[in-house]
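Note that the structure is a prediction, hence the values are computed from the model and not measured. Side-chain atoms are counted along with the backbone in the values below, which use heavy atoms only and exclude waters and symmetry mates. Counting begins at 1 with the first residue of the sequence.
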Amino acid sequence: MNNRTITEYLTGPEGSEWMSRIYREEDIPAQKERYKQIFERFSQWSGSEKFLPVRSPGRINLIGEHTDYNHCPVFPMAVDRDIIGFFSPRNDRKVRIADFNPAFGERDFFLSRQIQPHPGGDWANYIKAAVQGLIEETVVPAEEAVGFNLMFHSQIPPAAGMSSSSALVVLTALVFLHVNNRRMDKKDLADLLARAERYTGTQGGGMDQAAILLGEAGKAVKIDFAPLKTASFPLPERFEILVAHSTVEAPKTREVMDKYNRRSIECRLAAALISRFLEEKGQPAINFLGDLSGSWYESGKGAKTKLQEVLKTDGYSKEELCRILKVNEKELNRKWCYRKDGTDFPEPEEGFLLYKRAFHVLTEWNRVEDSKNALLENRITDFGRLMNESHGSCRDNHEISCPELDKLITIGNENGAEGCRLTGAGFGGCSVHLVNKDKGETYRKALLEEYYNKYLNYPEGGKMLFSVKPSDGAAILEELINE
């Protein structure tokens with residue numbers, strides 16, 4: 001496909017047909033203009049004669065928060081807020097990248113077996129994570145790899161819990177594979193990129209990458225792990241999904257990463273203590289909470305009874321954990337309490353809260369399973385109730401909410417939401433609201449007035465409240481045209 005064909009496709013009726021799966025009908029003219037502007041800027045910036053567009057969506061999670069890194073299921077959807085870009089192969093080993101927004105500048109680096117990261121928090125590390133991951137696992141051998149030029153533009157709010165970072169990782173991976181004539185099954189790629197993103201310092205699971213790659217228009221995707229499995233479920237058309245940004249950003253600074261990674265560490269420690277308990281009873285050991293049998297999560301009461309046999313409800317010191325796990329502190333830190341940079345994770349002031357974290361994960365696992373069944377049986381009231389219960393557990397047990405998110409949820413429930421909850425890693429970011437379309441306009445006005453105007457005194461609240469459409473997953477446009 002040459003550049004003229006790309007332009008004709010994007011601006012013509014075929015482009016409209018493809019875009020209607022991704023974007024709202026009223027947004028398509030603006031999206032065509034967006035693609036055109038990036039096309040023109042990239043052409044001037046890169047000097048390339050042949051290049052292609054690529055798209056990677058953000059995602060929201062309807063239910064199943066902080067469960068993926070425990071190998072427990074999640075229920076997200078890819079959305080029409082996305083990153084799009086144009087790219088071209090190079091005939092050398094250089095990677096040259098630029099944000100369409102000049103304020104973010106451009107970066108470049110050379111391909112090698114070990115690519116050194118930029119300082120923490122730099123957006124280029126998400127580009128490097130994808131490239132390093134594919135090289136490290138020899139999908140693209142370092143000695144054979146060629147670089148690329150890439151310019152991208154994002155409409156995913158940053159630090160908002162909609163996976164703008166993972167969308168950039170996925171987009172880069174698709175580009176790097178394409179210019180090196182490599183192909184991967186999307187499930188395998190999602191697994192690989194979940195590992196690769198840890199290059200940036202977060203100890204996450206695989207939800208974001210799987211949702212971004214495997215999303216389907218009009219559907220939510222239930223994702224199970226170890227092994228990765230997906231099943232898609234249509235969302236009822238009489239409801240819309242609203243996203244309300246709390247205006248509290250949760251950037252991946254050392255402080256926020258420590259908050260996030262602490263939950264991962266506490267869950268791993270909880271699994272270790274439960275595993276020792278099971279082994280002493282002659283039962284198989286586990287590595288993750290998701291390895292437990294259904295009796296551990298089949299109901300909130302069941303999880304509570306089971307966990308209270310094993311875990312105390314207040315915090316654990318490192319000294320206690322060493323005694324129970326029969327390790328010294330150096331071994332404890334090396335196996336469970338570590339950061340990506342190799343430093344030891346410190347003992348929290350209140351201790352490691354293993355019971356609360358495990359109770360959240362196991363009951364959230366149950367809510368995901370119940371939500372799937374509620375959606376299949378068109379029990380939307382039950383689905384909404386489970387969303388509300390999920391937020392309560394995120395707030396009280398996993399402690400990842402904040403006053404602003406809690407206020408948004410309270411206002412949403414008082415104004416007739418079927419259900420609402422925080423979405424994403426927490427500590428700020430966005431809430432997601434399931435609303436009957438008949439109430440949509442009234443609901444928006446209530447959030448604008450009661451949250452953004454009265455609670456925050458934030459006059460630009462309209463920019464922070466928007467509907468999202470379930471969209472297809474990430475792809476290079478040429479591949480879509482040739483399907």
Contact check, side chains of [X] and [Y], non-hydrogen atoms, under 4.5 Å:
X      : Y      : result
Lys281 : Phe277 : yes
Leu189 : Leu177 : yes
Tyr316 : Leu273 : yes
Arg24  : Ser467 : yes
Pro89  : Asn180 : no
Trp296 : Thr305 : no
Lys469 : Ile241 : no
Lys304 : Tyr355 : yes

Exercise for the section: Step through it carefully: locate the ring centre of Trp336, locate the ring centre of Phe352, and say whether they are under 6.0 Å apart. Expected result: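 Between Phe352 and Trp336, which both carry aromatic rings, the centre distance is not below 6.0 Å.
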Practice task
Please confirm whether His118 and Phe109 have ring centers closer than 6.0 angstrom.
Solution key: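 They do not qualify: ring centres at least 6.0 Å apart.
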Salt bridge [X]-[Y], side-chain N to carboxylate O under 4.0 Å:
X      : Y      : answer
Arg367 : Glu364 : yes
Arg195 : Glu136 : no
Lys222 : Asp224 : yes
Glu216 : Arg21  : no
Arg385 : Glu418 : no
Arg339 : Asp341 : no
Lys335 : Glu331 : no
Glu65  : Arg421 : yes

Please confirm whether the backbone N or O of [Y] pairs with a side-chain atom of [X], one donor and one acceptor, at under 3.5 Å?
X      : Y      : answer
Lys259 : Arg262 : no
Ser431 : Ala244 : yes
Glu347 : Lys318 : yes
Thr172 : Leu168 : yes
Ser471 : Val79  : yes
Ser246 : Glu404 : no
Thr423 : Asn61  : yes
Asp291 : Phe288 : yes
Gln132 : Arg113 : yes
Arg263 : Glu399 : yes

Inter-residue atom distance [X].[atom1] - [Y].[atom2], 0.5 Å rounding:
X      : Y      : atom1 : atom2 : result
Asn287 : Asn70  : CG    : CG    : 12.0 Å
Cys420 : Leu434 : SG    : CG    : 9.0 Å
Gln31  : Asp80  : CD    : CG    : 8.0 Å
Leu375 : Lys219 : CG    : NZ    : 11.5 Å
Trp365 : Glu369 : CH2   : CD    : 8.0 Å
Leu171 : Ile84  : CG    : CD1   : 10.0 Å

Provide the closest heavy-atom pair for [X] versus [Y] in the form atom of the first, atom of the second, distance.
X      : Y      : result
Lys229 : Lys187 : CA-NZ, 4.4 Å
Asp472 : Ala78  : O-CB, 4.2 Å
Leu289 : Ala358 : CD1-CA, 4.0 Å
Ile156 : Ala167 : CD1-CB, 3.7 Å
Pro76  : Ile223 : CG-CD1, 3.8 Å
Val221 : Leu214 : CG2-O, 3.9 Å

Exercise for the section: Consider only side-chain N and O atoms of Asp406 and His391, and report whether a donor and an acceptor are under 3.5 Å apart. Expected result: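 There is such a pair (donor and acceptor under 3.5 Å, judged by atom type) between the side chains of Asp406 and His391.
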Is it the case that [X] places NZ or CZ above or below the six-membered ring of [Y], under 6.0 angstrom from the centre and within 45 degrees of the axis?
X      : Y      : answer
Arg59  : Phe75  : no
Lys128 : Tyr126 : no
Arg81  : Phe466 : yes

Practice task
Flag yes if more than 12 heavy atoms outside Glu320 fall under 6.0 Å of its CD atom; otherwise flag no.
Solution key: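 More than 12 within 6.0 Å, yes.
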Exercise for the section: For atom CD of Glu237, decide whether the heavy atoms of other residues, nucleotides or ligands shown that lie under 6.0 angstrom number more than 12. Expected result: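 Result for CD/Glu237: open.
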Handout entry: side chain to side chain contact (heavy atoms under 4.5 Å, CB included) between Ser165 and Thr200, intermediate numbers included
Key = CA-CA 10 Å; Ser165 301; Thr200 66; over 6 Å; no
Practice task
Would you sort out whether Arg334 and Asp344 count as a salt bridge (Lys or Arg N to Asp or Glu O under 4.0 Å), showing the intermediate values?
Solution key: CA-CA 8 Å; Arg334 180 175 53 81; Asp344 296 338; over 6 Å; no
Practice task
Walk me through it: do Leu134 and Met184 pass the test side chain to side chain contact (heavy atoms under 4.5 Å, CB included)?
Solution key: CA-CA 10 Å; Leu134 289 165; Met184 278 191 78; 4.0 Å; yes
Handout entry: side chain to side chain contact (heavy atoms under 4.5 Å, CB included) between Arg357 and Asn397, worked out
Key = CA-CA 6 Å; Arg357 309 310 188 221; Asn397 297 315; over 6 Å; no
Practice task
Run the numbers on Glu266 and Lys356 for salt bridge (Lys or Arg N to Asp or Glu O under 4.0 Å), then give the verdict.
Solution key: CA-CA 9 Å; Glu266 287 170 323; Lys356 292 178 79 171; over 6 Å; no
Problem - Stepwise side chain to side chain contact (heavy atoms under 4.5 Å, CB included) check, Cys267 with Tyr69 - result: CA-CA 9 Å; Cys267 289; Tyr69 55 75; 4.1 Å; yes
Exercise for the section: Anything under 30° is parallel, anything over 60° is perpendicular, the rest tilted; go ahead and classify His433 against Tyr443. Expected result: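 The arrangement is perpendicular - the two ring planes meet at more than 60°.
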Practice task
Describe, in one word, how the ring planes of Phe148 and Phe176 are oriented to each other, choosing from parallel (under 30°), tilted (30 to 60°) and perpendicular (over 60°).
Solution key: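 Ring orientation, 0 to 90° scale: tilted.
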Practice task
Using the side chain to side chain contact (heavy atoms under 4.5 Å, CB included) rule, pick out the option among Phe86, Phe152, Phe87 that qualifies with Val54.
Solution key: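 One option only clears the test, and that one is Phe87.
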